[in-house]
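Note that the structure is a prediction, hence the values are computed from the model and not measured.
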Amino acid sequence: MLLKTVPPAVLLLALVDHVLLLENGLLQKPPMGWLAWERFRCNTDCDEDPKNCISERLFMEMADRLAQDGWRDLGYTYLNIDDCWIGGRDAKGRLVPDPKRFPNGIDFLADYAHSLGLKLGIYSDLGNFTCMGYPGTTLDKVVQDAQTFAEWKVDMLKLDGCFSTPEERAKGYPKMAAALNATGRPIAFSCSWPAYEGGLPPQVNYSLLADICNLWRNYDDIQDSWRSVLSILNWFVEHQDILQPVAGPGHWNDPDMLLVGNYGLSFEQAQSQMALWTVLAAPLFMSTDLRTISAQNMDILQNPLMIKINQDPLGIQGRRILMDKSYIEVFMRPLANEASALVFFSRRTDMPYRYHSSLAQLNFTGSNVYENVYTGDIISGLRAETNFTVVINPSGVVMWYLYPVRKLGMPQQ
């Protein structure tokens, strides 16, 4: 969650203490998993809504689905708790979960996740309170809370920034990185810091951030609507010259959760979000009810070629390379072995559009093979100078996995 504060017109970096680099070796590829917030929010009424409240039961049932329905084997391994799990602090000042909703404790939940081959993520906030008003991790509690999370065998921490000052964030995020390191347990660190400073230099030093955090939220929270998806995409594209170079193995820009499977997106829009997040090398955190998700939405999220592209070992974030007057945009992401991902995205709302181009117009050379990521169609020997046509539905995408033709027409693997 993100409660906006206005960054001061001073350079906050001078407040940053000497930083012990995170150096945990984690998240060499964008993380994938499930996160509770967008779908289940802060529903704590387990008497009225026992199946959907933020509780041990909910996370165990989602863990079962991740393990049994193919998600884990495709790479969706993180099971992430968000806000509203905290019950308070004990006599020693340690965070404790709500005893009614998490009767066996977070360490039990971590053990359960690990027994299924999953990893557990948890949430805290660098302020007096979390965004929803639960006890926060103030500067004097950073070390203690990091130790608590490590003792619980947590695998990822999302540290939010509600009810904190810019000065507290400038001290607290580096301090938490050092504290997580000091526990000796590999805990991936997700930071909301840049989103609270406007997401851009000079208030945000992305070189410093990459030494502190494994991933970071840059911009507004996503809501369950196409308008929200577009607002995030627009911001990322507008600032791609700043954002694209700072992403890579171990440190990722995070445009927020996938909405696929919820209520706000059409089928075409769901396909578009998945493709655009993939070309942006974004973390793939689903936030939907895996117990009731439709087969159609599962197909979008479990597309093997899409996941292969998202998890490409080079870890290069893609960018928009063309914006056509017909309201068609083209995105490109460089991939390993001289391959590329191309996304043809329509901002039109009227009717399917026949978009004409050639690979040469998109700065490709030679003869290429392309595979349509959603249909599976494969065309070999498409020469750069050959014109082609793609038909893109309103708010939809056509996505290609493109690679050079090798000897005997076989792609390099």
Side-chain angles (χ1 to χ4, degrees), residues 226-227 229-238 240-241 244 260 265-282 296 299-300 303-306 308-310 312 316-406 409-412:
W226 182 236
R227 179 179 179 180
V229 172
L230 287 180
S231 72
I232 293 170
L233 178 67
N234 292 345
W235 189 87
F236 267 73
V237 169
E238 180 182 356
Q240 65 182 6
D241 289 343
Q244 192 266 346
V260 182
L265 303 188
S266 69
F267 172 71
E268 299 291 346
Q269 292 163 352
Q271 284 193 326
S272 292
Q273 191 198 10
M274 185 68 175
L276 291 163
W277 263 228
T278 290
V279 85
L280 291 175
Q296 186 180 63
D299 286 345
I300 294 172
N303 184 301
L305 183 53
M306 185 75 72
K308 175 183 176 179
I309 294 169
N310 178 268
D312 184 78
I316 299 172
Q317 181 173 313
R319 56 191 295 129
R320 186 175 68 188
I321 60 171
L322 186 146
M323 183 169 56
D324 192 84
K325 62 183 180 181
S326 60
Y327 300 100
I328 303 299
E329 300 176 9
V330 183
F331 291 74
M332 192 274 287
R333 179 179 173 186
L335 305 172
N337 299 321
E338 301 179 55
S340 301
L342 280 176
V343 173
F344 303 91
F345 170 51
S346 174
R347 288 183 182 263
R348 302 179 70 94
T349 59
D350 53 356
M351 59 187 296
Y353 187 80
R354 300 177 68 84
Y355 178 68
H356 308 285
S357 188
S358 70
L359 291 179
Q361 289 179 274
L362 303 176
N363 295 319
F364 287 87
T365 60
S367 185
N368 293 269
V369 177
Y370 78 81
E371 182 172 354
N372 188 308
V373 175
Y374 279 124
T375 68
D377 295 338
I378 298 175
I379 301 295
S380 183
L382 179 64
R383 299 190 63 81
E385 62 273 15
T386 302
N387 293 326
F388 62 78
T389 300
V390 291
V391 181
I392 316 165
N393 289 338
S395 302
V397 292
V398 171
M399 186 174 185
W400 289 358
Y401 176 58
L402 191 73
Y403 44 84
V405 173
R406 300 299 181 191
M410 297 297 292
Q412 179 178 325

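- The backbone N or O of Met306 sits less than 3.5 Å from a side-chain atom of Asn303, completing a donor-acceptor pair.
- In this structure, the separation between CZ on Phe267 and OG on Ser272 is 10.0 Å, given to the nearest 0.5 Å.
- Between Asn387 and Ser358 the shortest heavy-atom distance is OD1-CB, 3.8 Å.
- Using modelled atom types, one side-chain atom of Asn310 and one backbone atom of Ala282 make a donor-acceptor pair closer than 3.5 Å.
- Across every non-hydrogen atom of Ile316 and Ala281, the tightest pair is O-CB, 4.0 Å.
- Separating the CZ atom in Phe331 from the CG atom in Leu280 is a distance of 7.0 Å, to the nearest 0.5 Å.
- Between the CD atom of Glu268 and the CD1 atom of Ile392 there is a distance of 10.5 Å, given to the nearest 0.5 Å.
- Listed by chain and residue number, Arg383 satisfy the salt bridge (Lys or Arg N to Asp or Glu O under 4.0 Å) test with Glu385 (two or more places apart in sequence, or in another chain).
- Residues Thr386 and Leu359 form no side-chain contact, since every pair of their non-hydrogen atoms from C-beta on lies 4.5 Å or further apart.
- Using a 4.5 Å heavy-atom cutoff, the side chains of Met399 and Thr278 are in contact.
- Under the 4.5 Å side-chain criterion, counting only non-hydrogen atoms from C-beta, Asn363 is not in contact with Ile321.
- The ring-ring contact (aromatic ring centres under 6.0 Å, His included) pairs that include a residue from residues 339-367 are Phe344-Phe388, Phe344-Trp400, where partners are two or more places apart or lie in different chains.
- Nearest heavy atom pair, residue Val405 against residue Ser380, reads CG2-OG, 4.4 Å.
- Contact of the Ser357 side chain with the Leu362 side chain is registered, since non-hydrogen atoms from C-beta on lie closer than 4.5 Å.
- Here the shortest heavy-atom pairing between Pro394 and Pro352 reads CD-N, 3.7 Å.
- Scanning all heavy atoms of the two residues, the minimum distance from Arg333 to Ile309 falls at NH1-O, 3.0 Å.
- Inter-residue side-chain proximity for Leu265 and Gln273 is flagged as met; some heavy-atom pair is nearer than 4.5 Å.
- Residues Ile300 and Ala270 come closest through the heavy atom pair CD1-CB, 3.9 Å.
- Although no hydrogens or angles enter the test, the distance criterion places a donor-acceptor pair under 3.5 Å between the side chain of Asn372 and the main chain of Tyr374.
- Considering only residues two or more places apart in sequence or on other chains, Glu371 meets the salt bridge (Lys or Arg N to Asp or Glu O under 4.0 Å) condition with none of them.
- Interatomic distance, CZ of Arg348 versus OG of Ser395, reported as 11.0 Å (0.5 Å rounding).
- Annotation: side chain of Gln244 is not in contact with side chain of Phe236 (no heavy-atom distance under 4.5 Å).
- One distance of note links CG of Leu233 with CG of Leu230; it measures 6.5 Å at 0.5 Å rounding.
- Judged by distance alone, the side chain of Gln269 and the main-chain N or O of Gly396 form no donor-acceptor pair under 3.5 Å.
- Here CD of Gln240 is found 4.0 Å from CZ of Arg319. Values are rounded to the nearest 0.5 Å.
- With contacts defined as side-chain heavy-atom distances shorter than 4.5 Å, the pair Val229/Trp277 qualifies.
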Practice problem: For side-chain contact (heavy atoms from CB on, under 4.5 Å), just list the numbers for Val369 and Leu382, CA-CA rounded to whole Å, side-chain angles, deciding distance to a tenth of an Å, and then say yes or no. | Solution: CA-CA 6 Å; Val369 177; Leu382 179 64; over 6 Å; no
